[in-house]
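What you see below is based on every heavy atom in this structure, not just the backbone, and it leaves out hydrogens, waters and symmetry mates. Each chain gets a letter, A, B and so on, in the order the sequences are listed, and its residues count up from 1. For clarity, every value in this text was computed on a predicted model and none was experimentally measured.
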Protein chains: 2
Amino acid sequence: MAATAPLVLLIEDEPQMRRFLRTTLRAHDYQVVEAASAREGLAQAAGRNPEVILLDLGLPDMDGLEVTREIRRVARTPIIVISARGQGHDKVTALDLGADDYLTKPFGASELLARIRVALRHSAFPPGTAPQPVFQAGELRVDLVRRQVFRADEEAHLTPTEYKLLAALIRHAGRVITHRQLLQEVWGSNYADQSHYLRVYMAQLRHKLERDPTRPRLLTTEPGVGYRLREG
Amino acid sequence: MAATAPLVLLIEDEPQMRRFLRTTLRAHDYQVVEAASAREGLAQAAGRNPEVILLDLGLPDMDGLEVTREIRRVARTPIIVISARGQGHDKVTALDLGADDYLTKPFGASELLARIRVALRHSAFPPGTAPQPVFQAGELRVDLVRRQVFRADEEAHLTPTEYKLLAALIRHAGRVITHRQLLQEVWGSNYADQSHYLRVYMAQLRHKLERDPTRPRLLTTEPGVGYRLREG
DNA sequence: AACAATCCTGATAGAATCTTGATGGCGGCA
DNA sequence: TGCCGCCATCAAGATTCTATCAGGATTGTT
């Protein structure tokens, strides 16, 4: 998919508000289609296939909640509802009808833009297709969701403590982690000065993960400071 | 499908707020895990695999924004940020770091619940990707609709508890499930430390489903952590 | 610059502890 | 009576902890 500017559909009747939104969005490189009524909005939603829909609930020709329902009958384009009536039960109803977010007037441009980015992010990776968070460095591969560790395509079995230690190193991959910090994250703050634990377990990790445990390339020592997991 | 109550992770230090949230969620049939600190929260997020995370930004031990970042390094579980500081730039930052929604205190229970439903809807599988009502792995086949289990085309009879256990394993197929999590899903949260139940029932499942129960290939043990059902 | 004392790190191995799987009995219930 | 869930016990195995030793780097002193 070409990374063109995302298309935003604006369903809003008040000209003033519409101009504010249009200007803000254009300034941030979005393409904008506008609709001043519910009817027109539904037509545009079907015809233009926008990536996000901004929907004002207070439209003259149809209840905004009804618009949400209609859009959801045919598409799951992210809908961000905008409304002045903030207190009512509308908020809950809109969300339950399929809206993805709800902004109460007045709101700042930066918040609106951030919420649009969230919506786009959601449609970028449909949940089923979500890429697995997998850490990889050299011939080490760690699947953090499945809790599986591979060294050159061979699964390596780690004990709970070994895995926790590796996970802590991965969280800070590339950076140095002090003994104290590692101990806190793996054993808890009461063990912050038991640095001999680290020596034993780092040795075990190296034996299981390094090609040559005596000459570590992934799990390196930063003398006097701590350890580091190579990244990339 | 016996839809089990979704698991919500609560990262919130103020006891009062935590109680409000816990009560609200429990009353609406969510399972709740609580963490009173960022450190604990990160551990729970990794360990318990919640379906939604409620994160208070004002934690004592770590900046909430940092917590968001850390969670996103390993998972894309929906995060709903809760915060008192509504005006700042935090809102935008949190959303851009990967949070999915942002609630400013004070907020109503109904709105919170609606936003949680949105988050769950997002992580639900999109239409085309709907999870197969039939699970299959090796010579094991489970028809989740008819509630029938086959091993190499022979139907196997499972007791209710055995089936619930197997269903829980299937829901997380491929991943490790901790003892605690399994116990909660099958027996309820009051039994979270009765891990001997698991040993008995896992043994029974293995006898009924494995070709060689002493050398399990489908229902494997992750020592010190939990169990895993092989997938594919 | 040389030396020694000290600290840091890695290796190893045994003991203590925890975890797991196997088995069988008990009671409730249809 | 037969099935099922619950509970207790035991042995084997795995894991964690602890202690000890040696090589190397660093520091401080002369």
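Separating the CD atom in A/Glu210 from the OG1 atom in A/Thr220 is a distance of 8.5 Å, to the nearest 0.5 Å. Summarising the geometry, atom CG belonging to B/Leu54 is positioned 8.5 Å from atom CG belonging to B/Leu103; distances are rounded to the nearest 0.5 Å. One distance of note links CG of A/Leu120 with CZ of A/Arg115; it measures 14.0 Å at 0.5 Å rounding. Considering CG of B/Leu9 and CD1 of B/Ile71, their distance stands at 7.0 Å, rounded to 0.5 Å. Between the NE2 atom in A/His179 and the CG atom in A/Leu198 there is a gap of 6.5 Å [rounded to 0.5 Å].
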message = What verdict does the salt bridge (charged side-chain N to carboxylate O under 4.0 Å, His left out) test give for B/Lys105 and B/Asp56, after you've listed the backbone C-alpha separation in whole Å, the side-chain angles of each residue and the deciding distance to 0.1 Å?
response = CA-CA 10 Å; B/Lys105 296 184 204 172; B/Asp56 190 323; 3.1 Å; yes
key: B/S/- contact track for nucleotides 22-30 of chain C, protein heavy atom under 4.0 Å   = SB-------
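Residues B/Leu113 and B/Arg117 meet the side-chain proximity criterion, which asks for heavy atoms closer than 4.5 Å.
The side chain of B/Thr159 sits closest to D/dG5 out of D/dG5, C/dG10, D/dC17. Relative to the side chain of B/Pro160, the nucleotides C/dT20, D/dC4, D/dC17 differ in distance, and D/dC4 lies closest.
The backbone N or O of A/Leu209 lies less than 3.5 Å from no partner atom in the side chain of A/Arg206, so there is not a single donor-acceptor pair.
With a 6.0 Å radius and a threshold of 12 heavy atoms from other residues, nucleotides or ligands, B/Arg19 has its CZ atom at or below the threshold. Counted within 6.0 Å of OH on A/Tyr197, heavy atoms from surrounding residues, nucleotides or ligands total more than 12; the atom is thus considered enclosed. A 6.0 Å sphere centred on CZ of A/Arg217 holds no more than 12 heavy atoms belonging to other residues, nucleotides or ligands. Dense packing is recorded around CZ of B/Phe107, with more than 12 heavy atoms of other residues, nucleotides or ligands lying under 6.0 Å away. The environment of CZ in A/Arg175 is crowded: more than 12 heavy-atom neighbours from other residues, nucleotides or ligands sit within 6.0 Å.
Take B/His196 and apply the side chain to side chain contact (heavy atoms under 4.5 Å, CB included) test, not counting sequence neighbours, and it matches B/Gln194, B/Arg199.
Looking at B/Lys164, B/Arg180, B/Arg171 one by one, the single match for salt bridge (Lys or Arg N to Asp or Glu O under 4.0 Å) with B/Glu185 turns out to be B/Arg171.
Residue B/Leu198 contributes atom CG, which lies 13 Å from atom C1' of C/dG21 at whole-angstrom precision. At whole-Å resolution of the value, CG in A/Leu219 and P in C/dT9 are 15 Å apart. Taking atom CG on A/Leu205 and atom P on D/dT16, their separation rounds to 11 Å, with Å as the unit. Going from atom CG of B/Leu158 over to atom C1' of D/dG5 covers 15 Å, rounded to whole Å. If you take CD of A/Gln204 and P of C/dA11, they are 11 Å apart, rounded to a whole angstrom.
The stretch residues 177-197 of chain A comes close to DNA chain D through A/Trp187, A/Tyr197, each having a heavy atom under 4.0 Å from the strand. Remark: nothing in residues 162-169 of chain B comes within less than 4.0 Å of DNA chain D through any heavy atom.
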Pairs: protein N or O with nucleotides 5-7 of chain C N or O, under 3.5 Å:
none

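Annotation: the terminal axes of the helix from C/dA1-D/dT30 to C/dA30-D/dT1 meet at 30°, where each axis is the rotation carrying the C1' atoms of four end pairs onto the next four (5 pairs per end, rounded to 10°).
Counted by atom type alone, B/Thr178 and A/Arg147 present zero donor-acceptor pairs between their side chains at under 3.5 Å.
Using a 4.0 Å cut-off, some side-chain N or O of B/Thr161 falls inside it from OP1 or OP2 of D/dG5.
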